[in-house]
Amino acid sequence: MAKYTTGTWKAGEMGNRFIVFVDDGTRTSATIADGISEESTARLIAAAPELLITLKKLLNFEGLTSPEECDTAQAYQEAREAIIKATGK
């Protein structure tokens, strides 16, 4: 499986461009992407880890053996949060 930078990905503005970075709570520890011209694109990139995790849960890729084992209420809430993060709405 491909690996990606762990941590909380956030979108932010830098001058007239947007960036996506990892925020460890005290400082920016890694820049994921910079020079992004659209805020919506930066938000979508920043939400990518949560979107991937939630889709994996919904599709049973997290070690579950049947759909009945999936906590759909929790996955639904996580999906809503990821969509809000991605769209700003």
Side-chain angles (χ1 to χ4, degrees):
M1 173 182 234
K3 294 186 178 189
Y4 57 87
T5 304
T6 59
T8 303
W9 291 20
K10 293 186 176 181
E13 192 170 356
M14 182 177 280
N16 62 349
R17 298 291 215 189
F18 295 91
I19 64 169
V20 176
F21 59 94
V22 175
D23 184 356
D24 68 3
T26 59
R27 63 181 174 79
T28 300
S29 58
T31 300
I32 304 300
D34 62 13
I36 302 167
S37 60
E38 299 293 328
E39 181 179 10
S40 58
T41 301
R43 283 196 311 262
L44 183 58
I45 293 168
E50 288 94 336
L51 292 167
L52 178 61
I53 289 166
T54 301
L55 288 172
K56 284 181 170 184
K57 285 181 181 179
L58 289 172
L59 294 177
N60 257 351
F61 286 1
E62 294 294 318
L64 304 176
T65 58
S66 71
E68 292 77 27
E69 293 181 63
C70 180
D71 181 352
T72 54
Q74 179 66 29
Y76 177 84
Q77 182 60 35
E78 291 174 6
R80 288 184 52 82
E81 291 169 6
I83 290 169
I84 290 168
K85 182 175 181 179
T87 63
K89 302 177 190 176

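On a predicted model such as this, the values are computed, not experimentally measured, just so you know.
Residue I19 holds its CD1 atom at 8.5 Å from CD1 of I36, rounded to the nearest 0.5 Å. Separating the CZ atom in R17 from the CG atom in D34 is a distance of 9.5 Å, to the nearest 0.5 Å.
Proximity of F21 to I32: side-chain heavy atoms (C-beta onward) are nowhere separated by under 4.5 Å. The side-chain heavy atoms of K85 and E50, taken from C-beta on, include a pair separated by under 4.5 Å.
For A79, the side chain to side chain contact (heavy atoms under 4.5 Å, CB included) partners two or more places apart in sequence, or in a different chain, are T54.
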Donor-acceptor pairs under 3.5 angstrom involving side-chain atoms of residues 40-49: please list them, not counting sequence neighbours.
residue, atom, partner, partner atom, Å
R43, NE, T87, O, 3.4
R43, NH2, T87, O, 3.0

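L51 and I84 are assigned to two separate hydrophobic clusters, defined by single-linkage of ILVMFWY side chains at heavy-atom distances under 4.5 Å.
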